[in-house]
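Since this is a predicted model, take the numbers as computed values, not measurements.
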Amino acid sequence: MMAVTQISGNGIELVERPIGRVLEFVAFHFPPEGAFVVGWPAAPGAVRHDTLGGPGLLHFAPARWLAPSPCAEIAALVAAAEEAAGTCVDVTGKWREFALGGPRAGRVLASAVNVEAVLEGRECAAITMFDCPCILVRVTDGYRIWVRSSFATDFIAAVQSLRLPA
Amino acid sequence: MTRLTCPFCGPRELREFEFHKTLPEPGSTPYARVYERVNRLDDSLEHWQHVQGCRGWLLVRRNPSSGAVLETVILGGGAQ
Amino acid sequence: MTGPTPHYSALALLRARLAGGGFWRPLWTGRLLKQAYDVVVVGAGGHGLATAFHLARDHGLKVAVLEKRLVGYGNVGRNTTIVRSNYLLPENHYFYEDSLRRWETLSKDLNYNVMYSPRGVVDLALSDGDMIGAARRGNAMRLAGIDCEMMDRAALDRFCPELVASRDRRFPIFGALVQHRGGTVRHDAVAWGYARAATALGVDIIEDCEVTGLRTAAGVATGVETVKGYVQANRVLFATAGHTGMIGTMLGVTLPIETHLLQAMVTEPIKPMLNTVLVYVHPGHGETYLLQSDKGGLVMGGYLDGFPSYTREGQWSRMEDVVQGAIAMLPQAAGVKIVRQWAGINDMTMDGSPIIDRLRYDNVFLNAGWCYGGFKTIPASGAACAKLVASGTAPDLIKAYRLSRFETGHMLDERGGGPFPVRL
Amino acid sequence: MNGTQRRGTRLTDTSLRFTFDGREYCGQVGDTAASALLASGVRAMGRSVKYRRLRGVLAAGPEEPNALFTVGTSPAVIPNVYAPQLELRDGMVLKSQNRWPSLKYDVASLLQVGSGFFGAGFYYKTFIWPSWHRWEATIRALAGLGEAPGTCELPPPAVEHFSCDVLVAGAGAAGLAAARAAARAGARVVLCEREPVCGGELEFEFATIEGRPALAWVDATLVELASLGVRVLTDTTLVGGTGGEYVAHHEPGGVPGANSVYKIRPVAFVIAMGAVERPIAFINNDLPGVMLLGAAERFLARYGVMVGSNLVLFANHDRVYAAATRLASAGMRVCAVVDIRDSGALGAEATAQRATLAQGGTECLLGYAVISAAGGSHVRRAIVAPLASPSATRVIACDVVLVSGGWGPSAHAGLQEGGTTRYEEGLAAFVAMDQPEGRENAGAANGLLELPRVLIDGAGAGTRGARRAGADGDPGATPIASGDPAPRLVPFWRSPADRAGEKRQFIDYQNDVNVADLRATLEEGFVDIEHVKRYTALGFGTDQGRIGGLLGAAILAELRGEPLKDVGTSRLRPPYHSVTMSSLAGLRVGARLRPMRRTPLHDWHLANGGVLEPMDLWMRTRYYRQNGPAVFEAGIAEAQRVRTSGGIVDGSTLGKIEVAGPNAAVFLDSLYLNKASTIKVGRSKYMVNLREDGMVLDDGIVLRLADDRFIATTSSGHGGHMLSHFEHYRDTEWSGRGVTVTDVTESWGVIVVAGPQSRTVLHSVLGAAWQPVLDTLTHMAFARGAFGGQDLTVLRASFSGELAFELHCRPSITVALWEALIAAGFKPYGLEALDILRVEKGYLVSSELNGETTPFDLCMDGLVKLGNPCVGRDLLDRPAFHESDRPRLVGVRALDGKAIFYGGAQLTTAEQPNRPCGYVTSSVYSPTLGEWVGLALVSRKQPEGAVLDCRDPVRIGDCRVRLTSMVHYDPTGERMKS
């Protein structure tokens, strides 16, 4: 599956990115304890970047991490952690991944939530936008957003229907 | 009435959370735990869920007369 | 002590015009608090006043109604004025129907126009399952002799053309259960009408007289402590709605009641647009009931704010939810402006039905737990609760509203929602 | 009054044409409807609600009670638009309201004749016979103001949530000073202003700030604010908010259109929304031509409109002389200034201005009051008299009376969230106090009216706000200024009048509340301001008491012989200004009311004749058009095909929760009636769980993937509750005890392949690798493998009673697998057919698991006996659940095998025809059995085989039915297990 541009125009670029296997790792304890924490984004809202530089391991809920299309290194980290501290669930298909860019990307999200407040002191945040459950990450060229797949089509339609004054 | 600070997600608008119930008196009977409600005017101990965020369950202490949120504790993960 | 008010009529209005003042009398003010009464009613809301009226009229008892603030300042003046008896369970629909029948004649009974307007209440069905649920309720009502009618879209278009039932909606309308005798009543008039009638029968209604405690001796209540001193009473009735939780604390009883804030709001006045009461409950956890008051404002309300609160200041987001539902029903109203929002404090029980029963002492009674249904049940509650307080035994109509029902499993759960008043 | 050479700060030279009540007028770009009509000599602009008295414009803001117009042409009209706020556009169509047939000749205004008859609360005392409903239609037609819109094409608003350090509401002197100080100190500031222009009263006040004329200072400040990155939002009114998030409503042009809603979370909030001028009550003070002093000044300064030629001014403070000077210098003749005070009360500046005015021919009367205005349809004369001898009246010819009784601070925003008020003697008004952390009032909103003190107060509030937000820069010096003199106000609420006159001394203009009404209210014992308000409708109008609230309270205090500070005003409620419903609804309008959840097969269903219906937030296929003319016929055809050969249905909305961890099994045991820990790996079990009160919450199949890993499936409708239920117990009683709960509903598409041919079709579709598995898979067992390179689980379980397999596959291959099954000859069926199949088998859905039934009611006694202690179990032994007439699930069929009966019918016995002993939960026409069959919950007193009356008066009437076993078809289940 390759990237599909959903919206492109008046300062907004919404591109659906290909997403393969997706894991959710859930530790038994919060705050996370034990040896596995080394190399893990243990703080709430922390993100560890993968070898390609994108967000690879997102601590988006108490003791719950998302590993979208995990690179080998992160997959290994998760497998190791599963031995001692929690369980890993293959949730492939649960999330669809979008890249929101363009000068007015922030304004798009501001139509749903106070982005600054939500991401304050955090790299990723679980937040419902346009009534769709999402995980939001700020990246250099805008935002990376994971939307629960059954909501994704309406998420795109909601962004499309926005009327953003000049 | 102020925002509710989810210990995991940080301060969030109250509309993101759902109230479940006020906590029963400790050691009450099964009937009392399910049906009776402790109605303290200025210091209510309650269970909420951050449904529009991390879905974590919270113990929240509030003042129902002023609306102020006094304290929030995340429940899951053997934290408390 | 001022004399009783004159009989109200158009003729009386003319005589007052000629008299040029001094013709009318205070409805209830100016009474002095006596030392002792047969019954002290705590709370001059709809249920307290109606019960006091019936205690005096039907049982000839000496009654005082002690009110913390003002007559009618609580929920009776803060609801969306809807009256109906379209309930499913027999224990409820016979009681609500008794109340609806009393609404039909109350203006004459009290000689005070409460403006009962049987314009119909339309419970909209948004799925096949809703239609089956509506039929189940409608059939139970008809078997109990209560009027109602199932409508499909075509019938709805005839009965309420402004709704445009067949319009394309996110949650389309399949049909509705309609009770034609349901409708609205001017809420303030109910409190004032009962207060006037009770005062005329000798009831002392005392405002700014907060009850701070119950005095008991040998396991029996002897009277109440108030900010205006001790008042001796053979029997005490608590009818304080949203503040019932505190009464429980005062008597050392933990009640199956959670106190929640319920908002309502009104638009600026416009010419007649909506001639019935619409109720729209959609699967996205949204509910809006919508009507147009006689003054022309669109009045609307919905779900509780959803957490215990005594602040009477509702969440802005809940007002938005209610307005969203109103526009889903009448998109043509989207350009009209909301001018005022207010809130009542609702005492929600763990099955959605009220509690009219003794409370901890043989001669102390509770009339509370009115959830969403407090306003529409005032007349029936007043009559039945008076029988219980006067005779000591609950009439059949309200036997099921006993406090012990939760412990014995005889809950009256219309919605099947269980002990979670806020779960949508 | 020629409008051509008008010069106002807002005006341009381009002219505009518009119509008002059908007649064409012209105005200039920058005019509002009110200013253009005044400039064209139009005075009468509306009629009051109750007595429908002819009214002119009174104020110059949204507190205007009289001049409200309906904009546009029916049916897409916008009602109740405030004329002073409505920015004129070329070709605009405006209509006055609440009059028939015309504004000038309104039939119903004859009601005024009987105004005595219609005192406050008259309708409580009459219309009792024959019944209110008989009179209601007429009264409702008379009531209401604006025309009811038939349609509305407003676009959804633009919504923006953002944070800032200091939010300032109101861009008058105080607001600008606050914003500048905070911005200079380095804070991020947002300044919102209700009007299209900033400056507030500075627009007309004699004021110099930092050595420059006030408006020059305003412009310079706005330039500086822009350079400091302050976001200035004009046409934007602060309307409410909760919990520190404030809502500002942008309605450009003062009429609903392309609106915006800002949700702002500041660290500090400065309320600088000024004060509202109040009138003094005198007889006929509602005649067109009576106007508030400030309104006349704003019409002159902003729109260059001279509201009249011969003015009489009536006030109780020094500022009337400054205003008179300005109005005179614009060319209007100030015939008289009527000041209730005696000479000692005046300050030096006012005394000087008074002397100049007198030289110019103005009669400056002290200790005088305007007793009444007269002139028929508009002001032609003012009748004045000394307060010492009110009957010694004199007539002054004039066409306008400008009145000012002082100012009431806008306390609305300050009264929310714990704010209270204190009475301010000098102002004779209430000021908000006890503000929550980080919120304060400034300037006139804080009770200050002299410009120097207003600027100091504003700058101070702005600086404190910046400091609170951690901005510690230099706020700069507080601007030095001089402005209109201190008011030196002497409280004065109404002119002397006899009882008849009191009927025409108006307090709340829109609802015609007059002094006589307050006197009558007291007579009837309505003494408290909250009672008086409800009884007389004082403050119920669109201005919410801004014009008459304080005035009414003060006159009530006078009639009660008590001080105003003890009477108080009635409680101000949000919104702080009226808000258009479409703005409140935000983005959730039309199809966007809620998002639509889609299964992976959603688009395929739409493209292949699927008719979809909402279920919870999902959309599910009810039936396929190609199978019949309507749902009934299609459902039967699809069900029959499943029984005879087979079919496939989209089950993806099934809730799926993956429970994993060493204690996963015992965790599930604690939530379900029957045990999960006894399920062997690779097998599944039908499980039932209870709600805390013992009622059945949900049922579903639980699969054991491994010792420490299960998938619990939940019914589609209960999705949200079940997940929260699991998460609640996992986070409380099972916190940190080796259990994890993960929602995987969307990780698996579900295709149910059901029917005698299902195994054969699967063979051809899944290929050789699956051959042995399919042949040996026993009932309730499952196998895991792959299809198209993605995970696939095949579970042998049946909800239709036929041989059936549930294929759980990743969304990316669901359509491919589905289309392969179609190609192999199986056709799709929908929910309607599924319902027929499951009712024939006596399986349960939400119509049976409706939150009112215990396990005993649903014949699950066996599961309860197993003794597994779980949530809800210990409340099952309550007596009510074991009484003889407790309901029990049974089957039901027509006695004659032909009659039709539906779900929702009630069941009665001959002995008790009005007291149902049960009801039909579900009913379908079974093509296999050739009759209607159903399930019912009926009292245990009625055994299987009992004959009952099936009552359905609201639909198809009654018939007779008999109770049967729940399973109507293949009771032994051998088709399923073959």
For the [atom1] atom of [X] and the [atom2] atom of [Y], what is their distance to the nearest 0.5 Å?
X      : Y      : atom1 : atom2 : answer
D:S578 : C:I338 : OG    : CD1   : 10.0 Å
D:L142 : C:K295 : CG    : NZ    : 14.5 Å
C:M131 : D:Y902 : CE    : OH    : 11.0 Å
D:E524 : C:W24  : CD    : CH2   : 7.0 Å
D:D528 : C:D208 : CG    : CG    : 7.5 Å
D:L584 : C:M319 : CG    : CE    : 5.5 Å

Per-residue tally against chain C (heavy atom, under 4.5 Å) across D:R691, D:E852, D:R951 peaks at D:R691

Among D:V579, D:N914, D:T853, single out the residue with the greatest number of heavy-atom pairs under 4.5 Å to chain C.
D:V579

Under 4.5 Å from a heavy atom of chain C, the part of [X] involved:
X      : result
D:V247 : side chain
D:T908 : side chain
D:L587 : neither
D:M596 : both
D:P130 : backbone
D:R519 : neither
D:R534 : both
D:P595 : backbone
D:F540 : side chain
D:S847 : neither
D:D543 : neither
D:V631 : neither
D:W129 : side chain
D:A591 : backbone

Heavy-atom distances under 4.5 Å only: say whether [X] touches chain D with side chain, backbone, both or neither.
X      : result
C:E207 : side chain
C:H7   : neither
C:R169 : neither
C:F23  : backbone
C:T105 : neither
C:D188 : side chain
C:R186 : side chain
C:V71  : both
C:A189 : both
C:M300 : side chain
C:Y116 : backbone
C:R196 : neither
C:M350 : neither

Does some side-chain heavy atom of [Y] sit less than 4.5 Å from a side-chain heavy atom of [X]?
X      : Y      : answer
D:R915 : C:L143 : no
C:K108 : D:I128 : yes
C:T267 : D:M581 : yes
C:E313 : D:P574 : no

Looking at D:Y124 versus C:W192, is the centre-to-centre ring distance below 6.0 Å?
yes

Are the charged groups of [X] and [Y] less than 4.0 angstrom apart, N to O?
X      : Y      : result
C:R423 : D:E692 : no
C:E320 : D:R588 : no
D:E417 : C:R312 : no

What residue in [options] has the most heavy-atom pairs under 4.5 Å with chain D?
options                        : answer
C:G314, C:G418, C:G138         : C:G418
C:V322, C:I132, C:L126         : C:I132
C:D128, C:V114, C:D168, C:N111 : C:D128

When you look at D:T542 and C:E268, which way does the side-chain hydrogen bond (donor to acceptor under 3.5 Å, both in side chains) test go after all the steps?
CA-CA 6 Å; D:T542 54; C:E268 60 210 356; over 6 Å; no

On a heavy-atom basis, which atom in [X] and which in [Y] lie closest, and how many Å separate them?
X      : Y      : answer
D:R140 : C:L274 : NH2-O, 2.9 Å
C:R170 : D:L617 : NH2-O, 3.1 Å
D:N80  : C:K337 : O-NZ, 2.7 Å
C:W316 : D:P575 : CH2-CB, 4.0 Å
D:P614 : C:F171 : CB-CD2, 4.0 Å
D:A148 : C:P272 : CB-O, 3.6 Å

I'd like to know if the side chain of [X] and the backbone of [Y] have a donor-acceptor N/O pair within less than 3.5 Å.
X      : Y      : value
D:R878 : C:F406 : yes
C:N113 : D:T126 : yes
D:K125 : C:L13  : no
C:N139 : D:G904 : yes

Mutual orientation of the aromatic rings belonging to D:F526 and C:W28 [parallel < 30°, tilted 30-60°, perpendicular > 60°]:
perpendicular

Worked verdict on D:Q544 versus C:R340 for side-chain hydrogen bond (donor to acceptor under 3.5 Å, both in side chains)
CA-CA 8 Å; D:Q544 286 291 295; C:R340 188 175 181 83; 2.7 Å; yes

